[in-house]
Every structure is written in C-alpha cells, then in structure tokens.
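To start, the structure itself, in structure tokens.
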Amino acid sequence: MSDSILRFRLPIVAAPMAGGPSTVALGRAVASAGAFPFLAGGYKTPGALADEIAELRATAPEFGVNLFVPSHNAIDEQTFAAYAAELADEAAVYGLTLDPVPISDDDAWDAKLALLIAQPVPVVSFTFGLPEPAVIASLQAVGTRVLASVTTPEEAARARDAGVDALVVQGSGAGGHSATFNPARPIDHVSAADLVRAVLAVVDLPVVAAGGVDGPDGVRRLLEAGAASVAVGTMLLRTDEAGTSPTHRAALSDPKFTETVVTSAFTGRPARALRNGFVDRHQGTDVLAYPAVHHLTRELRQAAGRAGDAERLHLWAGTGWRTAPTGPAAAVIDWLAGGV
C-alpha cells in the first residue's frame with residue numbers, strides 16, 4: 001500500500017477486534033514487529049478510547065482506530081420480545097432475566113467523531129456501512145486517512161464515491177462480525193482473494209485484504225491477488241498481548257469445536273464464530289436487530305465467559321482458526337511475514 005495511506009514496514013495489519021481482544025499492548029507489540037496496529041473503538045466510551053489512543057500514540061505513532069457506523073433500522077418489537085422469551089432458559093442458568101424491550105444506541109458516535117477530529121489519529125476505518133461524505137471529509141481535513149470496510153464490489157464503489165482513501169476488503173472467512181452494509185443479505189462464500197480481484201476490477205483504490213488467513217501462505221495469496229496489505233485478527237487471538245478471554249482462548253484449541261458458522265444469534269448481526277450449543281439452539285431465529293440483540297445477550301455472554309461456559313459464549317473465529325498460534329504477538333507477525 002502506498003506510504004500515503006498506511007506507513008509501516010510489513011504489509012500486515014492487526015485487525016481491530018472489539019469487545020476485548022484488541023488491546024494497547026497488542027498494538028504496541030505488532031507495531032514493534034513492523035506491522036500496522038488498529039484500536040477497536042466499538043463498545044468503548046469516548047473517554048476509554050481517548051485513553052487508549054494516548055497510550056498507543058506514545059510508542060506507536062502510526063496506528064488506526066476503527067468505529068462502527070450506527071444502524072438506524074427499525075426493530076420489530078414483537079419479534080424481539082419473542083427472541084428474548086426464547087433465550088429465557090439460557091439466561092436462567094445464571095439467574096438472569098432478559099429485558100424484552102429493545103435497547104438501541106449509536107455507540108457514542110458523535111462523541112467519538114468529535115474526539116477523532118479534536119485529537120486526530122493517522123487512520124480511521126469504518127465498519128457496518130458508510131458515514132456521510134462530510135464526516136469522511138472532516139477527518140481528512142485534520143490529516144487522517146480514511147478506510148471503509150466492504151464485502152462486495154458494489155459496496156466498494158459506494159465507498160469510493162463517498163471519498164475514502166482506501167478499502168478493507170473482507171472475505172466471508174473473516175471471524176467476528178461481517179462488515180456488510182446490509183445485514184439481511186446472505187453472506188455468500190467468497191474467498192478474500194477472489195473478492196479482492198473482483199473489487200479491484202471496478203475500484204482503483206488501495207486495498208487491505210481480510211478474511212480466512214491461516215498462516216504465511218494465506219498472507220502471500222492475498223498479496224498476489226492485488227492487496228497492498230493483509231489484515232489478520234484470528235491469528236492474533238491467542239497471543240500473549242491479546243485481551244481474549246480465557247474461555248474464548250481455550251475454545252480455539254478445543255478439538256470438540258470442529259467448524260465455524262455465520263450467525264446473528266448473539267448480536268443481531270451476522271458474525272462468524274465457532275459452532276457451539278447456543279448457535280445450534282438459536283441459529284434459525286435470525287433476529288436482525290443490532291445492537292439491540294447485542295445488548296439483550298450481553299450480560300448472559302459475560303456470565304458464560306466468567307463461568308468458562310464456551311457453549312453460551314460468542315466464540316468469534318475466522319475459518320483459519322485452527323492454526324492460530326500462542327506466544328508473543330511480535331513472533332506471530334514475524335511468522336506471518338514469512339510468506340511475503
């Protein structure tokens with residue numbers, strides 16, 4: 001990728017992983033190895049995000065911050081209440097009662113944008129859609145390079161037209177939430193390499209490829225497909241510096257988990273996770289109401305994590321999870337760079 005977009009030694013990016021795994025320590029470690037770190041702004045208060053930015057800036061002057069673009073889709077309250085009732089037995093295991101009234105928020109969108117304009121960072125990326133072109137321009141006006149996460153060539157063209165500087169092209173094998181603009185769209189299987197080629201056929205912007213990386217060969221294949229750099233997330237989940245929960249870490253190496261699936265059961269948005277009991281019991285419901293479902297299940301998932309209950313926890317993982325290594329993140333980055 002052009003030095004005018006991301007500045008780093010290796011063509012590897014540490015993907016932002018909201019909810020805990022992306023830590024300042026992880027950012028420092030991957031930066032020290034020559035890769036480009038991202039902080040995950042999702043689910044954090046503006047104050048907590050400001051603190052993390054200040055910490056990382058002190059030792060890694062080049063880094064990015066990822067934000068979730070808010071959803072304004074209407075929620076069918078009757079369907080939502082029915083899903084809350086469906087989950088009652090799951091919650092009862094931990095003595096919890098789920099609120100059938102949906103809670104929605106915009107993840108402090110305006111306050112986080114104000115922070116990033118008042119205290120500019122080198123790069124901001126957006127997931128779950130596009131902000132208004134004026135928002136993109138306001139960030140660029142303070143010297144920030146702006147990236148948009150896309151999952152189809154059509155989304156890539158819309159991002160280009162909105163004025164972004166580069167794209168994060170996410171194949172279906174990526175762990176965690178799909179970046180799709182339309183959560184109701186079926187997440188068809190498409191490799192990141194094939195998607196990169198399809199996007200570059202219609203959009204002339206630098207591309208960060210993401211999804212399904214399982215080692216050095218996976219990185220090399222995406223670079224050969226035309227990506228300027230490769231984002232890795234699942235490959236860092238078990239590293240020493242990641243904030244991945246002990247229950248999640250253990251599940252990633254547990255042989256009883258044999259596949260990943262795309263499910264909206266945990267948060268109301270499609271996301272790839274290890275197939276577990278919760279997925280099997282609720283996969284067919286498909287209540288597309290993010291972030292309301294995220295809030296509905298959050299306390300339950302937190303309780304499951306504390307109890308070591310991997311059957312009720314959102315075990316985000318990409319298709320390459322089997323090869324995710326343990327040890328220092330810098331060593332993992334060096335290993336991944338071996339295919340470059």
Side-chain angles (χ1 to χ4, degrees), residues 15-19 40 42 66 68-71 73 75 79 83 125-130 147-159 167-203 207-214 218 221-222 225 227 230-235 237 257-276 278-294 297 313-322:
M17 296 178 285
N66 176 257
F68 293 159
V69 178
S71 169
N73 295 331
I75 296 172
T79 301
Y83 190 50
S125 68
F126 293 104
T127 302
F128 299 165
L130 290 172
L147 281 64
S149 303
V150 301
T151 61
T152 67
E154 293 76 18
E155 291 175 355
R158 288 174 58 188
L167 303 170
V168 179
V169 174
Q170 185 196 60
S172 62
H177 284 108
S178 168
T180 180
F181 292 7
N182 176 14
R185 177 181 68 84
I187 307 301
D188 299 324
H189 174 73
V190 56
S191 73
D194 287 344
L195 185 58
V196 166
R197 284 187 280 265
V199 165
L200 289 176
V202 298
V203 174
V207 162
V208 180
V213 174
D214 57 1
R221 285 193 295 270
L222 292 176
V230 175
V232 294
T234 300
M235 290 296 99
L237 281 174
F257 296 109
T258 60
E259 64 177 319
T260 64
V261 294
V262 175
T263 180
S264 60
F266 291 108
T267 67
R269 227 185 190 281
R272 185 172 292 281
L274 296 179
R275 179 180 174 183
N276 64 3
F278 191 94
V279 171
D280 285 342
R281 291 187 291 273
H282 308 293
Q283 175 77 328
T285 305
D286 288 332
V287 178
L288 296 174
Y290 178 90
V293 174
H294 160 76
T297 66
L313 185 62
H314 56 297
L315 303 172
W316 301 151
T319 54
W321 96 97
R322 283 291 193 204

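All values reported here derive from a predicted model rather than from experimental measurement.
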* Which distance, rounded to the nearest 0.5 Å, do you find between the CE of Met235 and the CG of Asp214? -> 6.5 Å

* Asked: Ignoring hydrogens and geometry, is there a side-chain-to-backbone donor-acceptor pair from Glu155 to Gly129 under 3.5 Å?
  -> no

* Asked: To the nearest 0.5 Å, how far apart are CG in Asn66 and CG in Leu147?
  -> 10.0 Å

* Answer yes or no: is there a donor N or O on one side and an acceptor on the other, between the side chain of Ser172 and the main chain of Val190, under 3.5 Å? => yes

* To do: Determine, step by step, whether Thr234 and Trp316 satisfy the side chain to side chain contact (heavy atoms under 4.5 Å, CB included) criterion, reporting the C-alpha distance in whole Å, the side-chain angles of both residues, the deciding distance to 0.1 Å, and the verdict.
  => CA-CA 8 Å; Thr234 300; Trp316 301 151; over 6 Å; no

* Can you list the steps and then say if Val279 with Phe266 is a side chain to side chain contact (heavy atoms under 4.5 Å, CB included)? -> CA-CA 8 Å; Val279 171; Phe266 291 108; 3.6 Å; yes

* To do: Mind checking the CG-CH2 spacing from Leu237 to Trp321? Nearest 0.5 Å is all I need.
  => 13.0 Å

* Structure fact -> Correct closest heavy-atom pair for Leu130 and Ala148 would be CD2-CB, 3.7 Å

* **Of all pairs that satisfy salt bridge (charged side-chain N to carboxylate O under 4.0 Å, His left out), the ones with a partner from residues 259-269, not counting sequence neighbours** => Glu259-Arg275

* side chain to side chain contact (heavy atoms under 4.5 Å, CB included) assessment of His177 paired with Thr267 -> CA-CA 9 Å; His177 284 108; Thr267 67; 2.8 Å; yes

* Asked: How many angstroms lie between CG in Leu195 and CG in Asp188, if you round to the nearest 0.5 Å?
  -> 11.0 Å

* Structure fact -> Note: Gln283 and Thr263 closest approach over all heavy atoms is OE1-OG1, 2.6 Å

* Heavy-atom check, side chain of His282 versus side chain of Tyr83, under 4.5 Å -> yes

* To do: Please say which of Val168, Leu167, Leu222 ends up in a side-chain contact (heavy atoms from CB on, under 4.5 Å) with Val208.
  => Val168

* **For Thr260 against Gly318, the heavy-atom pair lying closest together** => CG2-O, 3.8 Å

* **Atom of Leu200, atom of Ala225 and distance for their closest heavy-atom approach** => CD1-O, 4.1 Å

* Structure fact -> Tightest non-hydrogen contact, residues Ala231 and Ala15, listed as CB-CB, 4.3 Å

* Asked: When you measure from the side chain of Tyr290 to the backbone N and O of Pro270, does any donor-acceptor pair fall under 3.5 Å?
  -> no

* Asked: Run the side chain to side chain contact (heavy atoms under 4.5 Å, CB included) check on Thr151 and Arg185 step by step: do they pass?
  -> CA-CA 11 Å; Thr151 61; Arg185 177 181 68 84; 2.9 Å; yes

* Do the side chains of Val196 and Ser191 get nearer than 4.5 Å, heavy atoms only? -> no

* Closest heavy-atom contact between Ser149 and Thr127? -> OG-OG1, 3.4 Å

